[in-house]
Protein chains: 6
Amino acid sequence: MTDIDNFKRAEVLTQALPYIQKYYNKIVVVKYGGNAMLNEDLKRQVMDDIILLGLIGVKVVVVHGGGPEISEVLGKFGKESVFIDGLRVTDRESAEIVQMVLAGKVNKNLVNLLQTKGGNAIGICGIDGRLIEAKRRDEVHGFVGEITRVNVKPIIDLLQNGYIPVVSTVGCDKEGNIYNINADTAAAYIAGEMKAERLMTLTDIAGVLRDVSDPSSLIKFMNVKEAKEMIRNGAVSGGMIPKIQCCIDAIELGVKRVTIIDGRVPHSLLIEMLTDEGAGTMIAANDE
Amino acid sequence: MTDIDNFKRAEVLTQALPYIQKYYNKIVVVKYGGNAMLNEDLKRQVMDDIILLGLIGVKVVVVHGGGPEISEVLGKFGKESVFIDGLRVTDRESAEIVQMVLAGKVNKNLVNLLQTKGGNAIGICGIDGRLIEAKRRDEVHGFVGEITRVNVKPIIDLLQNGYIPVVSTVGCDKEGNIYNINADTAAAYIAGEMKAERLMTLTDIAGVLRDVSDPSSLIKFMNVKEAKEMIRNGAVSGGMIPKIQCCIDAIELGVKRVTIIDGRVPHSLLIEMLTDEGAGTMIAANDE
Amino acid sequence: MTDIDNFKRAEVLTQALPYIQKYYNKIVVVKYGGNAMLNEDLKRQVMDDIILLGLIGVKVVVVHGGGPEISEVLGKFGKESVFIDGLRVTDRESAEIVQMVLAGKVNKNLVNLLQTKGGNAIGICGIDGRLIEAKRRDEVHGFVGEITRVNVKPIIDLLQNGYIPVVSTVGCDKEGNIYNINADTAAAYIAGEMKAERLMTLTDIAGVLRDVSDPSSLIKFMNVKEAKEMIRNGAVSGGMIPKIQCCIDAIELGVKRVTIIDGRVPHSLLIEMLTDEGAGTMIAANDE
Amino acid sequence: MTDIDNFKRAEVLTQALPYIQKYYNKIVVVKYGGNAMLNEDLKRQVMDDIILLGLIGVKVVVVHGGGPEISEVLGKFGKESVFIDGLRVTDRESAEIVQMVLAGKVNKNLVNLLQTKGGNAIGICGIDGRLIEAKRRDEVHGFVGEITRVNVKPIIDLLQNGYIPVVSTVGCDKEGNIYNINADTAAAYIAGEMKAERLMTLTDIAGVLRDVSDPSSLIKFMNVKEAKEMIRNGAVSGGMIPKIQCCIDAIELGVKRVTIIDGRVPHSLLIEMLTDEGAGTMIAANDE
Amino acid sequence: MTDIDNFKRAEVLTQALPYIQKYYNKIVVVKYGGNAMLNEDLKRQVMDDIILLGLIGVKVVVVHGGGPEISEVLGKFGKESVFIDGLRVTDRESAEIVQMVLAGKVNKNLVNLLQTKGGNAIGICGIDGRLIEAKRRDEVHGFVGEITRVNVKPIIDLLQNGYIPVVSTVGCDKEGNIYNINADTAAAYIAGEMKAERLMTLTDIAGVLRDVSDPSSLIKFMNVKEAKEMIRNGAVSGGMIPKIQCCIDAIELGVKRVTIIDGRVPHSLLIEMLTDEGAGTMIAANDE
Amino acid sequence: MTDIDNFKRAEVLTQALPYIQKYYNKIVVVKYGGNAMLNEDLKRQVMDDIILLGLIGVKVVVVHGGGPEISEVLGKFGKESVFIDGLRVTDRESAEIVQMVLAGKVNKNLVNLLQTKGGNAIGICGIDGRLIEAKRRDEVHGFVGEITRVNVKPIIDLLQNGYIPVVSTVGCDKEGNIYNINADTAAAYIAGEMKAERLMTLTDIAGVLRDVSDPSSLIKFMNVKEAKEMIRNGAVSGGMIPKIQCCIDAIELGVKRVTIIDGRVPHSLLIEMLTDEGAGTMIAANDE
């Protein structure tokens with residue numbers, strides 16, 4: 001960083017001032033997972049960004065999914081991954097393996113990373129304090145859960161005690177069953193229940209593109225109505241549909257703004273929140 | 001239970017009154033793990049006991065170890081368990097698997113069980129909030145950790161917010177290394193740091209026997225001096241030595257009383273705490 | 001108690017668990033008085049029950065009446081007890097004697113008993129903090145009061161400071177007059193104002209009987225509508241009518257459930273609250 | 001009051017300003033009882049003074065004794081008052097009658113009077129919250145108690161909740177015995193334990209006189225040393241000795257200043273505290 | 001004061017009791033300024049009155065204007081005072097001088113005076129914590145402000161921390177402009193926003209007179225409707241119109257009672273609040 | 001700022017992370033005044049820096065002096081500035097003018113500037129809450145004060161209520177006299193009393209130079225011993241002596257580190273605190 005002198009550094013800091021003021025004491029849920037989590041360098045930068053947001057007064061909640069670790073461990077246990085309609089069919093044993101990997105490996109590794117960077121984090125999963133209650137989604141997918149209730153008190157308690165909460169999206173029910181829960185959906189429900197200022201979904205794409213083959217066709221802003229229309233008229237397809245649907249759900253559950261940002265861009269979280277340049281596609285209520 | 005009428009039930013409850021008064025608002029650390037954890041029925045009874053203790057005003061902290069699950073998962077990963085001096089040699093990958101199994105499987109299963117019984121629990125491990133800081137014990141055992149510091153604030157925060165804290169004994173250091181920590185030792189440090197009224201170590205033995213082949217030779221009470229003498233003169237041997245050493249450590253770290261109780265006896269926790277009959281071997285300071 | 005071993009004791013305790021969870025942090029008003037108060041052994045058991053309920057997290061409020069002590073002291077003062085329509089005619093001097101006996105003798109004796117048992121109680125009367133405001137009921141009964149307002153702040157303050165409040169039902173008005181207040185009525189008003197979970201009226205009868213000569217005709221449950229019907233059609237008579245009317249009032253003032261229990265049965269309070277067997281007649285809202 | 005115009009009234013108020021500032025948020029214990037309590041008009045003025053002191057920020061605690069009511073009620077019960085060495089010999093039944101009269105009659109009448117004047121008071125006795133623990137003074141006086149411990153938490157709780165605590169000096173022990181406690185002594189212990197700024201003992205005399213037959217020989221100020229000397233050399237005698245001894249005890253227990261004031265002088269409490277003129281005899285530590 | 005003996009002093013204090021009870025913990029805004037502020041002796045008495053009100057539990061807020069000091073300093077700076085429609089035309093430099101004199105001289109002198117009398121005061125102006133936001137009133141008067149918003153949090157914070165807030169009525173806007181604000185208007189807005197019990201406007205007149213030449217024609221009470229009618233029908237004129245309009249505004253903004261009192265009468269504040277005699281003209285809502 | 005892209009901006013922010021963590025929740029007193037205050041652009045940058053420090057969790061207290069405004073206003077009042085030993089001789093009227101200019105003009109202008117930038121500030125002076133108590137320094141300088149006591153409770157209260165305290169260094173005594181207080185000294189006392197992490201003195205020089213004619217001879221770090229030696233051996237002279245003496249005093253009063261920084265360098269506050277490059281001369285305790 002020899003190319004930026006200290007005066008410019010100070011200027012950069014003060015230019016972030018209005019953004020810092022804007023998000024002071026506001027709740028921001030960061031959904032992190034999947035391919036966006038693979039690159040170790042990027043992961044460290046995301047952790048830095050989260051700690052910095054915490055220090056400048058943002059109440060950051062990290063909600064994470066899994067990724068290749070799950071398939072890997074399932075493999076070790078001889079569990080083959082079968083997908084129906086894009087969802088992993090999950091028997092009881094697999095659900096327990098998913099729980100183990102998410103809550104014991106991915107979650108604690110994120111907490112560990114945050115702490116080595118000076119953060120103060122505590123990792124919990126949807127079982128703790130009955131944070132995510134769920135039921136079976138349908139007959140064919142086994143223990144793939146549909147959220148029936150989120151109880152965000154544990155998250156609020158952790159925030160008030162000064163910790164960065166890191167949440168694994170495992171669901172539970174009163175009988176003690178464990179459910180595999182889609183992390184985007186869980187993040188939307190948690191952010192909605194907390195009336196979060198923003199939900200930031202870190203992905204490994206640039207955002208929503210008008211023309212999927214043309215990166216310059218990035219849509220920077222949509223309201224919910226436009227987003228619904230894009231799904232309806234087929235302008236988006238494949239895995240993008242549930243992602244956008246989650247954004248719509250989050251807004252309708254009470255989040256102010258939802259952004260799909262490109263986790264492959266270094267410090268995209270900070271760029272999105274603390275500069276005048278967006279870093280992906282923002283979706284907001286119709287009246288914005 | 002048709003053999004106990006309601007009057008006798010009420011009498012039993014009121015006879016517990018002086019014990020309930022005695023432990024009201026006191027901290028009791030329950031070390032749970034190993035073979036004492038294998039029997040599912042007993043496990044449920046232990047959870048019932050813990051919830052009941054919580055409801056009658058005891059501040060219960062659960063510290064757990066692992067057990068057969070760890071070896072099983074290590075096996076799936078092709079990790080053979082090598083023991084030197086009774087301690088598992090733990091390479092980095094194994095330490096991470098131990099973390100995964102303890103924090104993601106054993107811990108969350110206990111939390112889940114507590115919650116299905118009506119408890120309100122949150123599970124954390126030694127990484128969360130940097131609860132257990134450790135360093136390498138020696139050169140040969142790899143990531144087997146020796147505790148350098150315990151920071152019980154996360155546990156206190158959880159207790160104050162009304163949760164039963166359930167703690168996996170994984171250690172961490174500032175560089176992000178993960179350590180396998182002996183659960184008895186961790187429980188002793190945590191209980192000592194919290195100046196717990198009691199540390200209850202649930203085991204699969206009857207307690208300390210004068211004559212290991214004679215169950216009727218159970219020692220009901222020892223002070224620290226006597227306990228040290230027993231180790232010194234060889235009156236105890238094998239795996240019992242570190243167990244008793246942990247009890248001695250706990251007392252010297254500030255715990256009032258430590259009890260090794262027989263986890264195979266149904267409701268031994270309640271019997272030990274709420275009746276006039278002990279359920280194992282109690283070790284206390286010399287001046288008691 | 002040699003006939004119940006410790007395992008069974010522990011089982012009894014854990015079987016109480018769901019009931020303990022149910023009443024945790026709930027307000028329960030215990031109306032105690034009259035003949036149910038005569039037997040010293042029973043009185044001690046009632047005190048034990050109240051302390052136990054307090055320790056397991058129930059917010060117990062004791063409201064008591066007088067009984068033979070009042071007549072005795074009135075006799076010493078040469079006051080003859082004249083009853084019109086079942087209510088003692090009370091001149092000013094008699095009202096002051098009732099105050100003295102209730103607030104100075106019965107109340108403090110209960111407090112004293114609770115404390116010798118390890119409870120932490122404070123006794124107040126309806127004058128303290130203007131807890132029970134009243135006016136003359138009618139022209140003929142003198143200082144027999146009708147409640148105009150209850151101000152439960154003193155009770156709430158005592159509960160929050162960790163005391164068991166014990167309340168004598170003496171009423172006052174802004175001019176400084178003192179009123180003799182029916183204890184059942186006062187308990188109903190206080191429980192109603194506090195939105196108590198339960199009002200337990202300890203009496204010296206088995207409960208409401210369909211056939212007063214047949215103890216096996218005990219009515220275990222009535223809703224308010226049924227209770228009103230019983231009064232209307234003469235199914236209950238005599239002193240039972242105002243008792244049931246008080247229950248109805250309490251429900252209508254906001255109490256969830258009211259129970260007339262047999263104070264002559266040892267530990268009937270615990271049996272009613274912590275076992276699956278009732279111990280009298282419960283009255284609840286119509287929709288239960 | 002036509003003779004004082006409003007300007008002068010305002011001047012009187014502002015001239016009280018430095019005294020009000022001096023006692024703001026300070027604890028003042030007022031011992032009230034005996035003959036000073038007989039005149040109803042004076043009693044009302046004392047209540048007015050207490051309420052006013054409360055409103056200007058003084059933390060007033062009222063400790064009262066009994067008086068003629070006790071003898072009267074004892075008489076009704078056929079209990080003859082026998083005095084040995086100036087102390088009433090008190091059998092168990094008499095102790096209970098004393099309790100009843102003090103806690104049920106005198107106490108509640110004071111509370112009632114305070115409330116009709118706009119105060120917010122709660123009356124307790126030494127049994128409540130085990131406020132005054134005692135043991136037998138000697139073999140001959142029966143249940144005349146010597147204080148073994150005062151536990152002022154109930155008084156502090158009441159003050160913090162905004163009430164004027166009114167305390168009857170009945171003592172208790174762990175076995176449930178009741179003791180008749182000298183009110184001056186109890187006031188001294190309570191004031192000492194609370195490190196009160198002042199203890200004001202309202203009596204029916206002008207204060208300590210050098211020459212008991214000459215009202216103009218009033219001693220306005222003594223330090224503890226001088227007070228002790230007066231007892232030693234016989235300068236005071238009779239009932240004045242224990243009164244002065246109580247003052248000495250109070251100072252030695254931690255009270256800053258103790259004053260024996262003339263309760264027969266209207267508003268002597270206010271005159272003593274809010275004007276530059278004393279109203280009796282003040283005793284303070286030697287270094288004042 | 002040799003003419004009032006201590007008994008009468010005490011009586012005066014207790015006769016203030018009902019008034020003290022009435023205003024206990026209530027917010028009273030005292031508008032002080034103009035000619036009422038000129039006489040140093042009167043000023044000291046007003047400060048005494050304010051401190052006394054604070055000590056007896058009234059939450060006093062002082063809002064002050066300027067007076068001759070402003071013209072004097074403007075003169076030193078060569079600023080001639082031009083008035084249009086009774087309002088000083090204020091250029092930017094003059095507004096800054098007004099700010100300096102009000103916030104730096106008048107305000108701090110009042111604070112200083114309060115503190116030398118034993119009060120604990122903090123002086124702020126409408127800039128601090130953006131207490132008074134304003135905009136230009138019109139085109140001709142320059143930086144004469146019209147209030148757009150009052151943010152009373154700083155005042156509430158000071159009251160809660162135990163200070164007497166003293167407020168200079170300088171206004172600000174988001175661009176950093178400074179406005180000269182009419183102190184009567186600012187006091188009305190602040191008192192209204194705080195839902196004050198009373199707004200006391202200290203003036204140098206006797207109050208509202210029916211016949212301006214006849215002091216005995218003082219109107220002691222008006223409701224808002226009557227006050228509006230007096231303005232409408234010309235019964236009041238000149239500088240009295242805006243004064244009364246401010247009173248009407250204050251009532252409509254939420255103040256319970258507004259009084260114009262004669263600051264030339266010594267202790268008129270205390271006389272108005274703590275005696276049965278008024279000291280000026282009170283205006284209240286129509287339904288009083 | 002087109003020359004720094006958003007990635008670099010984010011990197012700058014995250015590189016400030018360790019410094020932000022270091023000063024989180026720490027008290028930093030910024031002394032601002034004199035010539036460092038003249039340039040309006042620099043002043044805005046200093047305000048930006050202060051707000052940013054506040055938002056990232058630093059507890060900033062601003063202590064300011066005056067400057068040319070004081071002489072200017074004194075001039076308008078015909079007060080000639082006479083200096084003896086470098087200190088302005090201050091008669092009573094001049095002291096009052098200094099108070100007016102500091103507390104009414106300089107202070108409120110800083111507050112106003114902070115607020116237009118989004119800060120939330122409240123300005124007070126040493127009179128408010130008796131923050132700075134002083135006495136005459138000597139016979140010749142009139143109302144030039146020497147600090148006798150600082151009472152930082154008002155500052156702490158403001159910090160806890162979320163405001164940036166801005167303090168004018170006017171002193172007071174119990175008689176109501178006003179004193180002109182050296183701002184460097186006042187800042188040292190305030191920072192010392194608050195056990196501040198850092199005292200940052202913004203000046204219009206580069207720092208302490210070994211050779212006053214050679215800017216490259218800047219001394220970056222001294223401990224107290226070295227600083228004292230420099231004064232003793234004449235290595236520093238003139239106005240630098242009292243500046244360094246103030247730094248020494250501050251350290252000895254309890255401040256951890258004191259820095260004289262160059263207020264003419266844009267954002268020197270941020271550069272000093274949030275980068276690895278110092279911006280002046282730091283003085284610390286001998287053991288650092």
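A note on names: the letters A, B, ... follow the listed sequences, proteins ahead of strands, and every chain is numbered from 1.
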Inset, instruction - Using non-hydrogen atoms and a 4.5 Å limit, figure out which bit of C/Lys174 sits close to chain D: side chain, backbone, both or neither. - result: backbone

Legend entry - Proximity breakdown for C/Tyr163 and chain D, heavy-atom pairs closer than 4.5 Å: side chain

Legend entry - Engaged part of C/Val170 at the chain D interface, taking heavy atoms whose separation is under 4.5 Å: neither

Inset, instruction - Below 4.5 Å from any heavy atom of chain C, which atoms of D/Gln115 appear? Answer side chain, backbone, both or neither. - result: both

Inset, instruction - Could you give me the CA-CA distance, side-chain angles and deciding distance for C/His64 and C/Thr169, then say whether side chain to side chain contact (heavy atoms under 4.5 Å, CB included) is met? - result: CA-CA 7 Å; C/His64 70 88; C/Thr169 60; over 6 Å; no

Inset, instruction - Check each atom of C/Lys117 against the heavy atoms of chain D and say whether the ones under 4.5 Å are side chain, backbone, both or neither. - result: neither

Legend entry - Any side-chain heavy-atom pair of C/Ile70 and C/Arg88 under 4.5 Å: yes

Inset, instruction - Go through D/Leu102, D/Asn161, D/Val106 and name the one with the most non-hydrogen pairs under 4.5 angstrom from chain C. - result: D/Asn161

Legend entry - Interface moiety of C/Ile178 toward chain D, non-hydrogen atoms closer than 4.5 Å: side chain

Legend entry - Salt bridge flag under 4.0 Å for residues D/Lys31 and D/Asp184: yes

Inset, instruction - Taking only Lys NZ, Arg NE, NH1 and NH2, and the carboxylate oxygens of Asp or Glu, determine whether C/Lys153 and C/Asp157 approach each other closer than 4.0 Å. - result: yes

Legend entry - Heavy-atom proximity to chain C below 4.5 Å, by part of D/Gln160: neither

Legend entry - Criterion side chain to side chain contact (heavy atoms under 4.5 Å, CB included) on D/Leu202 and D/Met37, from CA distance to verdict: CA-CA 9 Å; D/Leu202 279 162; D/Met37 232 163 162; over 6 Å; no

Legend entry - C/Arg136/C/Asp173 salt bridge by N-O under 4.0 Å criterion: no

Legend entry - Interchain contact, D/Val101 with chain C, by part (heavy-atom threshold 4.5 Å): both

Inset, instruction - For chain D, find which of C/Ser168, C/Ala121, C/Cys172, C/Gly162 contributes the most heavy-atom pairs closer than 4.5 angstrom. - result: C/Ala121

Inset, instruction - Please answer whether the main-chain N or O of D/Gly129 pairs with a side-chain N or O of D/Asn151 as donor and acceptor at a distance below 3.5 Å. - result: yes

Legend entry - Test item: C/His141 side-chain N/O and C/Ile84 main-chain N/O as donor-acceptor pair under 3.5 Å: yes

Legend entry - Segment of C/Asn120 engaging chain D (4.5 angstrom heavy-atom cut-off): side chain

